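All heavy atoms count here, side chains included; hydrogens, waters and symmetry mates do not. Chain naming here is simple, since letters A, B, ... match the order of the sequence lines and numbering starts at 1 in each. Since this is a predicted model, take the numbers as computed values, not measurements.
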Number of protein chains: 2
Amino acid sequence: MDKRISTVGSSTYQRIKRDILFGELEPGAKLKLEGLKTRYEASLSTLRETLNRLASEGFVDAPEQRGFFVKPVSRDDLTEIAELRILLECHALELSIRNGDTEWEGNLVSAHHKLHRMEQRLLDGDLSGKEDWKRYDWEFHLAMIEACNSENLLSLHSTLYDKYLRYQMLVLTFRGEEAAVEHKQMFEAALDRDTEKAKSLLEQHIRNGLTHTLEAMA
Amino acid sequence: MDKRISTVGSSTYQRIKRDILFGELEPGAKLKLEGLKTRYEASLSTLRETLNRLASEGFVDAPEQRGFFVKPVSRDDLTEIAELRILLECHALELSIRNGDTEWEGNLVSAHHKLHRMEQRLLDGDLSGKEDWKRYDWEFHLAMIEACNSENLLSLHSTLYDKYLRYQMLVLTFRGEEAAVEHKQMFEAALDRDTEKAKSLLEQHIRNGLTHTLEAMA
DNA sequence: AACCGCAAGAATATATGATATTTTTACTTA
DNA sequence: TAAGTAAAAATATCATATATTCTTGCGGTT
C-alpha cells in the first residue's frame, strides 16, 4: 500500500523520538553526538538535522553551543500539556461532529472496535502489547477528530498527544477499566452527534488521566 | 543587557524565517541548497539544520528526497490559522486576566502605549516602519496573554502569530484606524479584568483581520 | 499530438574528516 | 573554600566526496 519511507534521516528521527516517548532516553539526559552516532548508526550531519527537528517540536532542548538534551519533565509541564490537549481536542471534536460524514462514522466505529478489543485483552492480563495499546488509543482519538477539517489543528494536536503520552509511559500505570468505559461513552456520544456530551466526556477523560498520572509521579 | 546570540545557525534561522514571513522568499518557491548557500553564506549542513527546524514549525515543506520549498499559502490555510489563533489567544487571555498581577498591568500599559504611538504615526502617513509596526503589534498581543502561566501555550501562540502575520505581510494592506480602536478597547477591557468582553473583542479583532486579509487575497 | 521509456544531468541525502570555538573538567594556588 | 586556569572534551561549522533519487529532454511509438 504505502511505500516504505526509508531514508536514514526519517528513520533516525522516528527512532529517537520513540526512545524519548518511551523513556528509553531519560528526561534531562545529555545527548552526546558521539554516543548517538554509534547507537543509531547515522552520521553527524543526519543526527544534527534530526535533533534540530525534535528541538523545535519540543522533545529536545538545545541551548546554544551546549549540545542537546532530552526535554526534562515536570508536573507543571504535564499540567500545561493536558490543559492544551483539552482545549484543542475538544474544539476539534466539536468541528468533527459537525462535519463528519458517513465515512468518518465508519472509521470511528472501526477504530473504537480495535481499541476496545485491545483493552479487553489488557484487562485480561495480557500485557504483551504496550506499543500496540498506544497505537490503538492514538488511532481512536484521531478518528474522533479527524473530520475537523483543519490540517493545522490536527498537526498541533498530534504533537500534544505525543507529549502527553510520554508522561503516561513514564509512570507506566494504566487506568484500564475506567479508561475503557470513558472511551466507550465518548464514542457513543460522538456517533449520536451529541456535541456537548462528547466534549464534556472527553474533557473529563483527559482530566482523569492527568490526575492519575500526577499521582503516580508523586 | 542580553548577550548577542551570534552563532551562524541561529542567525541563518532568523534571516530565512524573516524572509519567509515578509514574502522575500515567495510562497511555494523551491529552496535550492546551492542558492541559499551563497545568499546566506552558510554551509550545507548548517542550512539543512535550519530548514529542518523551519519545516517542523510549518514554514517550509520538505517532501522526502525532493528538497525544501517555502510553504505555499491558501485561503483555507489562513482561515485555519486565524481560527486557531482565536482559540488559543482567547484562552490565554482569560488565564492571563485571571492571573495577571500589577507587574503584568504595567507591561501591558507600556506595550499599548508604544503600539498606540506607532499607530498614530502610521495614520499620519508615516509608513516608514513596517517592521516596527509588526514588532509593536506583537509585543502588545504578547503582553496581553503573557501572564497565562503556560510556556507551552505561549510557544504555540507565537508560532501561530507568525503564520498569521505572514499573510498580513503578503497582502500589505493595513486596517489602520479600525485596528487601532480595537486594540484600545481590548486593552481597556483587559485592564478592567472584564474577561468576557476582552475575549469577545479579541475574537472580533482577529476575525476582522481575517476577513480583511481574505478580501485582499481575492 | 499525446504517451511511453530511458539516458544524461541536476539535486539531494548521507558520510567523513578537518578546524575554530566554547564548555567542562581537573588541578593548582591563594 | 574560592578562584583561576590549562588541558581535555564537545560543539558548531565547513569543505568534500559518493551514492541515490529526481528531473528533463529526446526519440520512438501509437
Side-chain angles (χ1 to χ4, degrees), chain A residues 1-20 24-72 155, chain B residues 1-20 24-72 155:
Chain A
M1 285 297 107
D2 62 338
K3 77 176 71 154
R4 190 131 289 299
I5 292 172
S6 58
T7 67
V8 178
S10 66
S11 96
T12 304
Y13 168 80
Q14 290 170 336
R15 288 173 56 205
I16 297 186
K17 181 165 168 183
R18 187 195 153 286
D19 286 349
I20 293 177
E24 249 125 278
L25 291 170
E26 291 189 20
K30 178 75 198 278
L31 294 167
K32 293 220 191 79
L33 293 176
E34 276 310 315
L36 299 185
K37 212 168 131 181
T38 65
R39 173 163 182 172
Y40 296 101
E41 293 166 294
S43 73
L44 247 161
S45 5
T46 302
L47 280 168
R48 289 189 54 91
E49 287 178 29
T50 299
L51 293 174
N52 271 290
R53 280 170 71 185
L54 290 168
S56 82
E57 288 172 45
F59 296 104
V60 159
D61 270 348
E64 291 276 339
Q65 335 240 200
R66 308 218 275 103
F68 302 92
F69 300 79
V70 178
K71 184 83 157 191
S155 147
Chain B
M1 283 299 106
D2 63 338
K3 75 177 74 156
R4 187 132 289 299
I5 293 174
S6 58
T7 67
V8 178
S10 67
S11 97
T12 304
Y13 168 80
Q14 289 171 335
R15 287 173 55 203
I16 297 186
K17 180 165 170 184
R18 187 196 153 287
D19 286 349
I20 292 178
E24 250 126 278
L25 290 170
E26 291 190 20
K30 178 76 199 278
L31 293 168
K32 294 220 191 80
L33 293 177
E34 276 309 317
L36 299 185
K37 211 168 132 180
T38 66
R39 174 163 181 172
Y40 296 100
E41 292 167 294
S43 73
L44 250 160
S45 3
T46 302
L47 280 168
R48 289 189 55 91
E49 286 177 29
T50 299
L51 293 173
N52 271 291
R53 279 170 70 184
L54 290 168
S56 82
E57 287 172 45
F59 296 104
V60 159
D61 270 348
E64 291 277 338
Q65 334 241 202
R66 307 217 275 102
F68 302 92
F69 300 80
V70 178
K71 184 83 156 191
S155 149

Checklist outcome for this item: Result for 5'-nearest mapping on DNA chain C, choosing between A:L44 and A:R66, is A:L44
Checklist entry - How long is the gap from CG on B:L47 to CD on B:E41, to the nearest 0.5 Å? => result 11.0 Å
Checklist entry - Just wondering, do A:L51 and A:L36 contact through their side chains at under 4.5 Å, heavy atoms? => result yes
Checklist entry - Do B:I20 and B:K71 come close enough that some side-chain heavy atom pair is under 4.5 Å? => result no
Checklist entry - Whole-Å distance between D:dA15 C1' and B:L47 CG? => result 14 Å
Checklist entry - Mind checking whether A:V70 and A:E26 have side chains closer than 4.5 Å, heavy atoms only? => result no
Checklist entry - Hey, does the side chain of A:S43 come within less than 4.0 Å of C:dA15's phosphate (OP1/OP2), counting only N and O? => result yes
Item to check | Nearest-angstrom distance from the residue atom CD of A:E49 to P of D:dA12 | outcome: 14 Å
Checklist outcome for this item: From CD of A:Q65 across to P of C:dT21 the rounded distance in Å is 12 Å
Checklist entry - When only distance counts, do a donor and an acceptor, one from the side chain of B:T7 and one from the base of D:dA12, lie under 3.5 Å apart? => result no
Checklist entry - Within this structure, what is the CD-to-C1' distance between B:E64 and D:dT20, rounded to whole angstrom? => result 13 Å
Checklist outcome for this item: Between A:E41 and B:G67, whichever has its closest DNA chain C nucleotide further toward 5' is B:G67
Item to check | Heavy-atom side-chain proximity of A:F68 to A:I16 below 4.5 angstrom | outcome: no
Next on the checklist: Heavy atoms within less than 4.0 Å of DNA chain C: which residues of residues 27-40 of chain B have one? Give them sorted by number.
Outcome noted: B:K30, B:K32, B:L33
Checklist entry - Going by heavy atoms in the side chains, are B:E49 and B:Y13 under 4.5 Å from each other? => result no
Item to check | Separation of C:dT16 C1' from A:R48 CZ (nearest whole Å) | outcome: 15 Å
Next on the checklist: Taking any heavy-atom pair under 4.0 Å as a contact, classify A:T46: base, sugar-phosphate, or nothing.
Outcome noted: sugar-phosphate
